[in-house]
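Scroll down for the structure; my scribbles are underneath it.
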Amino acid sequence: VARRLSLRKHPECHSMAGGKAIEHLAQTGNRQQYVFRLPMQQYRNCDFSFSGLQNLVNKAIIEKEEEEGIQEGEILSCVKDIAAAVQHTVAVHILQRTYRAMLFCIKNSILSPKNATLVVSGGVASNQHIRKGLQTLADANDFGFLCPPPRLCTDNGVMIAWNGIERLRAGLGVWHSTDGIRYEPK
């Protein structure tokens, strides 16, 4: 969504990653200006998907570009409202699916209700709106809540690399010979 909204060109967001730019603009946007249907409401499971939402947002952006008479890549007048609506819809989707997962784990005795903990990490955990929602969800259901500081929740690549370091130190599942391994830099 950030790429489609050309947020790199937005004066407030030119140096921000996409998710951070959406969060920043959403703070002063009106989420009620756009209402996006929640993804996967017909499925009563714990799966996440944002592709349907992405299509809805893209259609709204195209409509607004035509209305404002601007080309793709130019900044829309309503960019903050779209950011707020998208962030809200993503947060609600994540909260609903996480709640279902929590109920599933308790019902199937996967977690003890006495010491159940919700752990949130990765880029989504750096978004304060989503983080607060998940904290509230955990509190309302007597779950503990663990979430690293936002500065440690930025890039999954860093977490994957850290996991590799820990596995290397422990000697678990690490190949010590690169013979037969082909890799190419991005």
Self-check item: Euclidean distance, Leu5 CG relative to Glu72 CD, rounded to 0.5 Å
Solution: 10.5 Å

Exercise. Using the test side chain to side chain donor-acceptor pair (under 3.5 Å), find all partners of Asn58 that sit at least two apart in sequence or belong to another chain.
Key: Arg4

Quiz item: Distance-only, no hydrogens or angles: does the Asn30 side chain make a donor-acceptor pair with backbone N or O of Asp81 under 3.5 Å?
Solution: no

Practice problem: State, to 0.1 Å, how close Tyr34 and Ile82 come at their nearest heavy-atom pair, and which atoms those are. | Solution: CE1-CG1, 3.7 Å

Determine all donor-acceptor pairs shorter than 3.5 Å in which one atom belongs to a side chain in residues 106-115; sequence neighbours excluded.
from, atom 1, to, atom 2, distance (Å)
Asn108, ND2, Phe104, O, 2.9
Ser112, OG, Lys114, N, 3.2

Quiz item: Where the side chain of Gln33 meets the backbone of Cys78, is there a donor-acceptor pair that is under 3.5 Å apart?
Solution: no

Quiz item: Which atom names give the shortest non-hydrogen contact between Lys64 and Glu67, and what distance separates them?
Solution: NZ-OE2, 2.8 Å

Exercise. Check step by step if side-chain contact (heavy atoms from CB on, under 4.5 Å) holds for Phe145 and Leu137.
Key: CA-CA 9 Å; Phe145 184 75; Leu137 178 66; over 6 Å; no

Quiz item: Taking only residues two or more places apart in sequence or in another chain, which ones pass side-chain contact (heavy atoms from CB on, under 4.5 Å) with Ala91?
Solution: His129, Ile130

Self-check item: Side-chain donor/acceptor of Arg100 to backbone N/O of Asn45, under 3.5 Å
Solution: yes

Self-check item: Those residues that, when tested against Arg169, pass side chain to side chain donor-acceptor pair (under 3.5 Å) (two or more places apart)
Solution: Glu166

Quiz item: Residues sharing Leu38's hydrophobic cluster, by side-chain heavy-atom contacts under 4.5 Å among ILVMFWY, directly or via others?
Solution: Val92

Exercise. With sequence neighbours left out, write down each residue that passes side-chain contact (heavy atoms from CB on, under 4.5 Å) with Phe48, or none if nothing qualifies.
Key: Phe50, His93, Ile94, Arg97, Thr98

Self-check item: Minimum side-chain heavy-atom gap Lys20-Ser126 below 4.5 Å
Solution: no

Quiz prompt | Lys132: partners by side-chain contact (heavy atoms from CB on, under 4.5 Å), with sequence neighbours left out | solution = none

Quiz item: Nearest heavy-atom pair of Phe36 and Val86: which atoms, and what distance?
Solution: CE1-CG2, 3.8 Å

Practice problem: Taking all heavy atoms of Ala125 and all of Cys147, pick out the closest pair and write down the distance. | Solution: CB-SG, 3.6 Å

Quiz item: Quick check: does any side chain N or O of Lys9 sit under 3.5 Å from a backbone N or O of Gly73, one acting as donor and the other as acceptor?
Solution: yes

Quiz item: Got a sec, which residues hit side-chain contact (heavy atoms from CB on, under 4.5 Å) with Gln54, two or more places apart in sequence or on another chain?
Solution: none

Quiz item: Which hydrophobic side chains are connected to Val119, either touching it within the sub-4.5 Å cutoff or through other members that do?
Solution: Leu146

Quiz item: Can you name the residues that form a side chain to side chain donor-acceptor pair (under 3.5 Å) with Ser49, not counting sequence neighbours?
Solution: Ser51

Quiz item: For Cys13 and Leu7, which heavy atoms make the closest approach, and how far apart are they?
Solution: CB-O, 3.4 Å

Exercise. Would you please name every residue forming a salt bridge (charged side-chain N to carboxylate O under 4.0 Å, His left out) with Glu12, sequence neighbours left out?
Key: Lys80

Self-check item: Crowding at CD, Gln42 (>12 non-hydrogen neighbours, <6.0 Å)
Solution: yes

Quiz item: Do you reckon Phe143 sits in the same ILVMFWY cluster as Leu103, going by side-chain contacts under 4.5 Å, direct or chained?
Solution: yes

Quiz prompt | Cluster overlap Leu25 with Val124, hydrophobic side-chain contacts below 4.5 Å | solution = yes

Exercise. Over all heavy atoms of both residues, which pair between Val120 and Pro148 is shortest? Give the atoms and the distance, please.
Key: O-CD, 3.1 Å

Quiz item: Excluding sequence neighbours, so at least two apart, what forms side chain to side chain donor-acceptor pair (under 3.5 Å) with His10?
Solution: none

Practice problem: Start with the C-alpha gap between Arg31 and Gln87, add the side-chain angles, then the distance that decides, and say whether side-chain contact (heavy atoms from CB on, under 4.5 Å) holds. | Solution: CA-CA 8 Å; Arg31 70 176 172 86; Gln87 178 179 257; over 6 Å; no

Self-check item: Between NE2 on residue His24 and CG on residue Asn127, distance to nearest 0.5 Å
Solution: 13.5 Å

Quiz item: How far does CG of Leu76 sit from CD1 of Ile70, to the nearest 0.5 angstrom?
Solution: 4.0 Å

Quiz item: Passes side-chain contact (heavy atoms from CB on, under 4.5 Å), Asn141 versus Tyr99? Steps please.
Solution: CA-CA 9 Å; Asn141 290 282; Tyr99 180 57; 3.3 Å; yes

